[in-house]
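We count ligands from 1, going down the list as the structure has it; atoms in each ligand are counted the same way. Please read these numbers as outputs of a predicted model, since none were measured by experiment. Throughout, numbering of the chain's residues begins at 1 and tracks the sequence.
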Amino acid sequence: MRGKFITFEGGEGSGKSTHASMLAQRLKALDIDCVLTREPGGSTGAEIVRHIILSGIAKPLGAETETILFAAARDDHVRMTIEPALAAGKWVISDRFIDSTRVYQGALGKVDMKLIRSLERVTVGATMPDLTFVLDVPTIVGLARAKSRRGSGAADRFESESTEYHDDLRRGFLVLAEREPKRIVVIDGRAPRDVVAEKIWDTVESRLLGAETAAP
Ligand SMILES: Nc1ncnc2c1ncn2[C@@H]1O[C@H](COP(=O)(O)OP(=O)(O)OP(=O)(O)O)[C@@H](O)[C@H]1O
Ligand SMILES: [Mg+2]
């Protein structure tokens with residue numbers, strides 16, 4: 001049977017990487033084979049493009065070019081990592097996916113949604129997530145967490161944007177969640193880590209594992 005595809009979305013420091021990895025551990029404990037991956041990146045070709053995007057070199061080329069670079073990375077990621085794993089029955093958990101592009105490049109970067117949707121059709125096609133978590137935290141909480149995690153290293157291309165930018169990001173994810181309630185679940189990321197993890201697990205159990213055990 002084909003595996004399930006789960007993505008984690010949300011602003012900087014909202015807990016995506018933490019909870020993607022906690023969920024992967026929990027599935028592994030149930031003997032569910034799963035692949036933990038991330039965007040931009042997640043495959044050899046895509047990791048090269050990640051470096052170009054996050055270094056900020058592509059920013060002067062404009063939001064459209066940046067969007068096309070993300071799409072190039074995603075195409076490689078879907079074909080080389082996600083699709084083969086799902087086809088082999090493994091579960092795939094991705095730290096960011098299409099919703100990040102819709103919000104960062106679409107809602108905030110003002111890239112035409114038609115371009116974004118066309119690129120999605122080419123790169124993602126039918127490989128849509130079965131379930132997406134949007135981790136929602138106030139901007140100051142997210143940026144403080146991202147900063148303390150980073151230590152003395154430099155902020156990346158997106159982390160160094162203004163507070164207003166991050167507020168808009170947060171709203172952007174919430175709007176997407178309202179539009180696609182069947183796929184996207186918003187989780188309050190302010191709660192302690194274990195509480196957040198438990199809410200995520202309950203959702204996975206009821207939406208994906210429950211459906212599986214109920215099937216004939
Ligand atoms: N619920 C939580 N309560 C307290 N701290 C948390 C919680 N979730 C994550 N953290 C901590 O906040 C920091 C940022 O979390 P994490 O790296 O998972 O966020 P992220 O969404 O992946 O961020 P980025 O977008 O920058 O990659 C980490 O140090 C993590 O341990
Ligand atoms: Mg992260």
Side-chain angles (χ1 to χ4, degrees), residues 5-28 34-43 46-47 49-56 58-59 66 69-70 73-74 77 81-82 92-109 129 131-174 176-177 184-204:
F5 182 22
I6 302 173
T7 58
F8 282 85
E9 301 277 5
E12 317 294 317
S14 55
K16 300 175 296 297
S17 306
T18 303
H19 291 289
S21 110
M22 284 174 88
L23 177 59
Q25 295 293 331
R26 203 143 179 185
L27 289 168
K28 279 178 190 158
C34 86
V35 172
L36 180 59
T37 185
R38 66 167 184 184
E39 286 214 347
S43 61
E47 287 291 333
V49 183
R50 175 188 175 96
H51 180 70
I52 297 170
I53 297 169
L54 295 186
S55 68
K59 190 180 177 188
E66 215 168 48
L69 282 171
F70 271 106
R74 179 161 302 136
H77 186 211
T81 304
I82 300 176
V92 174
I93 301 173
S94 186
D95 181 350
R96 294 194 185 276
F97 197 58
I98 48 170
D99 301 296
S100 284
T101 305
R102 291 179 185 178
V103 174
Y104 282 75
Q105 281 72 45
L108 276 80
L131 179 60
T132 296
F133 290 104
V134 163
L135 297 179
D136 182 52
V137 294
T139 299
I140 42 163
V141 174
L143 288 180
R145 282 185 190 167
K147 192 163 178 254
S148 73
R149 185 208 45 205
R150 188 178 73 239
S152 55
D156 76 20
R157 147 91 178 84
F158 293 103
E159 220 180 296
S160 51
E161 294 277 3
S162 67
T163 309
E164 293 72 41
Y165 178 92
H166 290 282
D167 286 341
D168 289 346
L169 259 183
R170 183 182 183 200
R171 265 192 296 278
F173 281 113
L174 296 177
L176 290 186
I184 307 178
V185 175
V186 179
I187 302 275
D188 184 347
R190 282 171 304 183
R193 212 168 310 195
D194 290 347
V195 174
V196 176
E198 213 45 47
K199 280 194 187 150
I200 290 170
W201 183 248
D202 286 349
T203 309
V204 169

Could you tell me whether R171 and D168 make a salt bridge, using a distance below 4.0 angstrom between a side-chain N and a carboxylate O?
yes

Can you tell me if G10 contacts ligand 1 (heavy atom of the residue under 4.0 Å from the ligand)?
no

Under a heavy-atom criterion of less than 4.0 Å, does G142 contact ligand 1?
no

N or O pair under 3.5 Å between A146 and ligand 1:
no

Counting non-hydrogen protein atoms only, what is the nearest one to atom 19 (O) of ligand 1? Give residue, atom name and distance.
G15 N, 3.1 Å

Please identify which of these residues, I6, T132, I82, meets the side-chain contact (heavy atoms from CB on, under 4.5 Å) condition with F97.
I82

List the closest protein heavy-atom neighbour of atom 15 (O) of ligand 1: residue, atom name, distance to the nearest 0.1 Å.
T18 OG1, 3.6 Å

Atoms of ligand 1, numbered as shown, that sit under 4.0 Å from any heavy atom of G189:
1 (N)

Atom 22 (O) of ligand 1: closest protein heavy atom, distance to 0.1 Å, is S17 OG, 2.7 Å

Under 2.8 Å from the Mg ion (ligand 2), is there any N, O or S atom belonging to S17?
yes

Given 3.5 Å as the limit, does a donor-acceptor pair link the side chain of K16 with the main chain of G11, or not?
yes

Region of R96 engaging ligand 1 - heavy atom pairs below 4.0 Å:
side chain

Among protein heavy atoms, which lies nearest atom 1 (N) of ligand 1, and at what distance?
A191 O, 2.8 Å

Nearest non-hydrogen protein atom, atom 31 (O) of ligand 1:
R193 NH1, 3.2 Å

The answer for which part of S148 has a heavy atom under 4.0 Å from ligand 1 is neither

Salt-bridge present (E47, R38; N to O < 4.0 Å)
yes

Can you check whether P40's main-chain N or O pairs, donor with acceptor, with R50's side chain at less than 3.5 Å?
yes

For K59, which residues count as a side-chain contact (heavy atoms from CB on, under 4.5 Å) partner, sequence neighbours excluded?
E66, R157, E161

Looking only at protein heavy atoms, which one is nearest to atom 23 (O) of ligand 1, and what is the separation?
G13 N, 2.9 Å

Using a strict cut-off of 4.0 Å, indicate which atoms of ligand 1 neighbour a heavy atom of G11.
21 (O), 25 (O)

Check whether any side-chain N or O of E12 sits under 3.5 Å from a backbone N or O of G142 as a donor-acceptor pair, and report yes or no.
no

Please evaluate residues F70 and I53 with respect to the criterion side-chain contact (heavy atoms from CB on, under 4.5 Å), reporting the C-alpha separation (whole Å), side-chain torsions for both, the decisive distance (0.1 Å), and the verdict.
CA-CA 8 Å; F70 271 106; I53 297 169; 3.5 Å; yes

Would you compute the distance between atom CZ of F173 and atom CG of L135 and round it to the nearest 0.5 angstrom?
10.0 Å

Trace of the side-chain contact (heavy atoms from CB on, under 4.5 Å) decision for I93 with L27
CA-CA 10 Å; I93 301 173; L27 289 168; 3.8 Å; yes

Among E12, M22, E9, R149, closest by any non-hydrogen atom to atom 27 (O) of ligand 1:
R149

Under 4.0 Å from a heavy atom of P192: which atoms of ligand 1 are those, numbered in the order shown and with their elements?
1 (N)

Min over H19, K16, R145 of heavy-atom distance to atom 11 (C) of ligand 1 lands on R145

Does a donor on one side chain sit under 3.5 Å from an acceptor on the other, for R149 and S17?
no

For V196 and ligand 1, does the shortest N/O to N/O distance drop below 3.5 Å?
no

